[in-house]
Amino acid sequence: MSEKRRISLVAGSYERFIWGFTLNPNKQTLNPIFSYPSHLSLIKSVAVSGSVVASGGSDDTIQLYNLSAASSIGSLTHHSSTVTALSFYSPPHLPFPRNLVSADADGSLAIFDADGFVHLKTFPVHKKAINDLALHPSGKLALTVSRDNCFAMVNLVRGRRSFCCRLDKEASIVRFDASGDLFFMAVDKVVSVHQAEDARLLLELQCPDRVLCAAPARNGLLYTGGEDRNITAWDIKSGKAAYCIEEAHAARVKGIVVLSDEATGDDEPYLIASASSDGTIRAWDVRMAATEKPNPLAECKTQSRLTCLAGSSLKSKQPKPAKNNAKVEDENQMVTDQ
């Protein structure tokens, strides 16, 4: 089986279109592979795992796609309000996702079995809309932040909230690092770094303007973007900016994806992608960013107001999931419908 990989990007927009692209770093091209008016109104979030794509919109639905075939594979209508966040749980030993977790504007989480996208459970977590959702690499727990100014921890095995606390201000973003030992929360211009075990605050990153997106890398960096139109790489040990791509876009940065970790297995990722409300998606080789402002490695203009971005790296001959292997029972299995 060939180990050649295809790097793909998926973006959602205010104009209800979902966009798919293939990135070729060697040829420095970013080629559109599909675009669909997939929702009745704006797309709030996208998630990718292997060849599976999910998008959530303000029409209360989740749309599903096969990235390899560039085709729609159905929809999920279990939410009764805007789908605000999506995340796949993909065990490292499987080439396809096991679960999809979604959040909505009513403050609820829903869990689906990714084999057939069977709905397992929906349960309340917050009193107001959930702004963001982060899954721990183990698949056992999730973190959520909400418009009710609360931060919550969710036990995904039992399917219930296990911890909740009120924050001084509303947080818009929450992310785990790749190891699951740390998590990050963005509140306006400040990104706080916490120990995952006890939520202890380790340090704060002071950004020049409101943070709208964040993506951790395996090399101890956290990439942020937002109202300042820059992409900043933060050293999460020192709390200082390692480098910054100034004016990366002409408008606010709405999504960042670190691509090199999965695509090459490198501990020093150098390839990232960004999306902006100006309609452009850009790929960057950041190895020169510490000494000079890099030019985009590749870019594509969608003529849409982009809202979110996700990425994936596919093997050219990826194994097809077997029906009877999709529900492996182990200690990491999420809640069932019992």
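Note that the structure is a prediction, hence the values are computed from the model and not measured.
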Atom CE in M153, atom CG in L141: separation rounded to 0.5 Å? 5.5 Å
For the side chain of S276 and the backbone of R252, is there at least one donor-acceptor N/O pair under 3.5 Å apart? yes
Can you check whether I43's main-chain N or O pairs, donor with acceptor, with T307's side chain at less than 3.5 Å? yes
Measure the spacing between CH2 of W234 and OH of Y223 and express it to the nearest 0.5 Å. 13.5 Å
Whether the side chain of S312 engages the backbone of G50 through a donor-acceptor N/O pair (distance < 3.5 Å, no angle test) should be reported. yes
With rounding to the nearest 0.5 Å, note down the distance linking OG in S38 to CZ in R16. 8.5 Å
Checking R282 side chain against A248 main chain: does a donor-acceptor pair fall under 3.5 Å? yes
Inter-residue atom distance R161.CZ - L109.CG, 0.5 Å rounding: 11.0 Å
Which pair of non-hydrogen atoms, one from M185 and one from A171, has the smallest distance, and what is that distance? SD-CB, 4.3 Å
Inter-residue atom distance R147.CZ - I130.CD1, 0.5 Å rounding: 13.0 Å
Determine whether C213 and K254 make a side-chain contact, defined as any pair of heavy atoms from C-beta on separated by less than 4.5 Å. no
Can you confirm whether the side chains of N155 and S162 place a donor and an acceptor under 3.5 Å from each other? no
Counting only N and O atoms by type, is there a donor-acceptor contact under 3.5 Å from the side chain of N66 to the main-chain atoms of S71? no
Do the side-chain N and O atoms of N131 and T84 include a donor-acceptor pair separated by under 3.5 angstrom? no
Is any side-chain heavy atom of K189 closer than 4.5 Å to a side-chain heavy atom of P208? no
Residue among T122, T61, D104 satisfying side-chain hydrogen bond (donor to acceptor under 3.5 Å, both in side chains) with H79: D104
Does NZ or CZ of R305 come closer than 6.0 Å to the centre of the six-membered ring of Y14, within 45° of the ring's axis? yes
Short side-chain to backbone donor-acceptor contact, S13 and F17, under 3.5 Å: yes
Spell out, as yes or no, whether a donor-acceptor pair under 3.5 Å connects the side chain of T302 to the backbone of S304. yes
How far apart are the C-alpha atoms of R175 and D132, what are their side-chain angles, what is the distance that settles it, and do they pass the salt bridge (charged side-chain N to carboxylate O under 4.0 Å, His left out) test? CA-CA 9 Å; R175 293 283 187 276; D132 201 14; 2.4 Å; yes
Got a donor-acceptor contact below 3.5 angstrom from the D235 side chain to the K237 backbone? yes
When you measure from the side chain of D148 to the backbone of H126, do you find a donor-acceptor pair of N or O atoms at a distance under 3.5 Å? no
Would you call D278 and R229 a salt bridge, taking side-chain N to carboxylate O under 4.0 Å as the test? no
Which pair of heavy atoms, one from V174 and one from L143, lies closest together, and at what distance? CG1-O, 3.8 Å
Are L9 and I281 close enough, and set up right, to give a side-chain contact (heavy atoms from CB on, under 4.5 Å), and what steps lead you there? CA-CA 9 Å; L9 295 169; I281 296 175; 4.0 Å; yes
Any sub-3.5 Å donor-acceptor pair from S179's side-chain atoms to D181's backbone N or O? yes
Are side-chain heavy atoms of F184 and P216 found at a separation under 4.5 Å? yes
Would you sort out whether W284 and L271 count as a side-chain contact (heavy atoms from CB on, under 4.5 Å), showing the intermediate values? CA-CA 6 Å; W284 305 87; L271 192 63; over 6 Å; no
Please report whether the ring centroid of F183 lies less than 6.0 Å from that of F151. yes
Give the intermediate values and the outcome of side-chain contact (heavy atoms from CB on, under 4.5 Å) for residues D60 and V83. CA-CA 6 Å; D60 308 348; V83 180; 5.6 Å; no
Could you go step by step and tell me if I272 and I231 meet the side-chain contact (heavy atoms from CB on, under 4.5 Å) rule? CA-CA 10 Å; I272 66 172; I231 298 173; 3.9 Å; yes
Reported CD1-to-NE2 distance for the pair I62 and H119, which is rounded to 0.5 angstrom: 9.0 Å
Check for me whether the distance between the ring centres of H136 and Y89 falls short of 6.0 Å. no
Pairing of D285 and R287 as salt bridge, 4.0 angstrom limit: yes
